[in-house]
Number of protein chains: 2
Amino acid sequence: MIVNKLKDLRENKMKQAERSEDWTQEGLALRLGVTRQTIISMEKGTYNPSLVLAFKIAHEFGVAIEDIFEYRDDTNES
Amino acid sequence: MIVNKLKDLRENKMKQAERSEDWTQEGLALRLGVTRQTIISMEKGTYNPSLVLAFKIAHEFGVAIEDIFEYRDDTNES
DNA sequence: TTTAAATGTAAAGTTTACTATACGTTAAGT
DNA sequence: ACTTAACGTATAGTAAACTTTACATTTAAA
């Protein structure tokens, strides 16, 4: 499974960024070329982004994919 | 778009690895939990892996996602 | 306390990743 | 030349990512 820090990162941007409206779900969605629904579902963990979208997100936040998304092997979960 | 070094990396493993059969398309597919078709299509660039699969691939090769997959913005291509 | 921006929820439809199956081609060993 | 492992191609089907639309809830400011 994949866990992500999307919501936390975005909310931090909302607080700290000069142009906070750039970091609303809608603002981010626009720049990423996806819908707000897609942002919501990713933040909730309903589904994982495609690799392309993961790259775009990492680029928007100025970090590496691994800084936002973490893979956890759960093949043998109790 | 995304370009990847999958085929090169795998072929290098075929030559250099002790157990070369681990790095055939089929051997790799088995360990990744996908079909050989999936490997073929990724190596051809027919489609991109999901983020989960990209993580698994990076793990198998012992590198970061960014070492295998590269994102290239092609929104304004001539 | 109303207004509006931001967030949340739900459900049906489209696109793309991935499977399953089957058969053809290449390369290397014997 | 024959065999066989590895690779390639094609195509129909399933699953998951993503869109579209519509409406409901929260939050903060006027």
Side-chain angles (χ1 to χ4, degrees), chain A residues 1-61 65 68-75, chain B residues 1-61 65 68-75:
Chain A
M1 68 175 300
I2 287 181
V3 294
N4 74 74
K5 302 174 182 163
L6 243 183
K7 187 163 187 176
D8 283 352
L9 286 174
R10 191 182 59 78
E11 285 176 347
N12 284 341
K13 289 285 189 180
M14 281 286 280
K15 289 175 195 150
Q16 297 165 12
E18 296 171 7
R19 299 178 41 84
S20 74
E21 68 264 34
D22 284 349
W23 297 98
T24 61
Q25 290 178 341
E26 193 165 21
L28 179 58
L30 260 169
R31 294 205 305 292
L32 292 172
V34 298
T35 64
R36 195 167 61 87
Q37 279 309 316
T38 300
I39 306 290
I40 291 171
S41 298
M42 285 189 299
E43 290 190 351
K44 275 206 308 180
T46 302
Y47 59 67
N48 301 125
S50 66
L51 184 55
V52 180
L53 184 48
F55 266 114
K56 287 182 183 172
I57 291 169
H59 184 254
E60 279 298 326
F61 283 96
I65 286 181
I68 306 183
F69 302 95
E70 184 187 348
Y71 176 63
R72 289 184 189 166
D73 188 0
D74 59 351
T75 44
Chain B
M1 69 175 300
I2 287 181
V3 294
N4 74 73
K5 302 175 183 163
L6 243 183
K7 187 163 186 175
D8 283 353
L9 286 174
R10 190 182 59 78
E11 285 176 347
N12 283 341
K13 289 285 189 180
M14 282 286 281
K15 290 173 196 152
Q16 296 164 13
E18 296 171 10
R19 298 178 42 84
S20 75
E21 70 263 34
D22 284 350
W23 298 97
T24 62
Q25 291 178 339
E26 192 164 22
L28 179 59
L30 259 169
R31 294 206 305 290
L32 292 171
V34 299
T35 64
R36 195 167 63 89
Q37 279 309 316
T38 300
I39 306 290
I40 290 172
S41 297
M42 284 188 300
E43 290 190 351
K44 274 206 307 181
T46 303
Y47 59 67
N48 301 124
S50 66
L51 184 54
V52 180
L53 184 48
F55 266 114
K56 286 182 184 173
I57 291 170
H59 184 255
E60 279 298 326
F61 283 97
I65 287 180
I68 305 183
F69 302 95
E70 183 187 347
Y71 175 65
R72 289 184 188 165
D73 189 0
D74 60 350
T75 45

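Residue numbering restarts at 1 for every chain, and letters A, B, ... go by the order of the sequence lines.
Contact check, B/T35 against C/dT19: a side-chain N or O comes under 4.0 Å of OP1 or OP2. The phosphate of C/dT16 (OP1 or OP2) has no side-chain N or O of A/S50 nearer than 4.0 angstrom. Of the side-chain N and O atoms in A/K44, one or more sit less than 4.0 angstrom from OP1 or OP2 of C/dT9.
Between the P atom of D/dC18 and the OH atom of A/Y47 lies a distance of 6 Å, rounded to the nearest Å. Rounding to whole angstrom units, CD1 of residue A/I57 and C1' of D/dA17 are separated by 12 Å. Straight-line distance from the CD atom of A/Q25 to the C1' atom of D/dT25: 13 Å, rounded to whole Å. Rounded to whole Å, atom C1' of C/dA6 lies 14 Å from atom CG of A/L30. When the P atom of C/dT16 is taken as reference, atom CG of A/N48 falls 19 Å away, rounded to whole Å. In this structure, NZ of A/K15 is placed 14 Å from C1' of D/dT27, rounded to the nearest angstrom. Atoms CD (A/E11) and P (C/dA6) sit 14 Å apart, rounded to a whole Å. In this entry the distance linking CE of A/M14 with P of D/dT26 reads 18 Å, nearest Å.
Ring pair A/Y71/B/F55 is parallel by interplanar angle, where below 30° counts as parallel and above 60° as perpendicular.
Using a 4.0 Å heavy-atom criterion, one finds that A/G33 contacts the sugar-phosphate atoms exclusively. In this structure, A/M42 reaches neither bases nor backbone, as no heavy-atom distance under 4.0 Å exists between it and the strands shown. Within 4.0 Å (heavy atoms only), B/T24 reaches sugar-phosphate atoms of the nucleic acid but no base atom.
For B/P49, taking side-chain heavy atoms from C-beta onward, the closest of the listed nucleotides D/dG8, C/dC18, D/dT19 is C/dC18.
Residue whose closest nucleotide on DNA chain D sits further toward the 5' end, between A/L53 and B/R10: B/R10. The residue among B/T46 and B/R36 whose nearest nucleotide of DNA chain C lies closer to the 5′ end is B/T46. Residue whose closest nucleotide on DNA chain D sits further toward the 5' end, between B/K7 and A/L51: B/K7.
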Quiz item: Are A/F69 and A/I57 close enough, and set up right, to give a side chain to side chain contact (heavy atoms under 4.5 Å, CB included), and what steps lead you there?
Solution: CA-CA 10 Å; A/F69 302 95; A/I57 291 169; 4.1 Å; yes
Quiz prompt | side chain to side chain contact (heavy atoms under 4.5 Å, CB included) assessment of A/V34 paired with A/K56 | solution = CA-CA 11 Å; A/V34 298; A/K56 287 182 183 172; over 6 Å; no
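Below the 3.5 angstrom threshold, one finds no donor paired with an acceptor across the side chain of B/Q37 and the base of D/dT11.
Put simply, NZ on B/K5 and CD on B/E43 are 15.0 Å apart, with the number rounded to the nearest 0.5 Å.
Contact record, B/I2 with B/N48: CB-ND2, 3.5 Å, taken as the closest heavy-atom pair.
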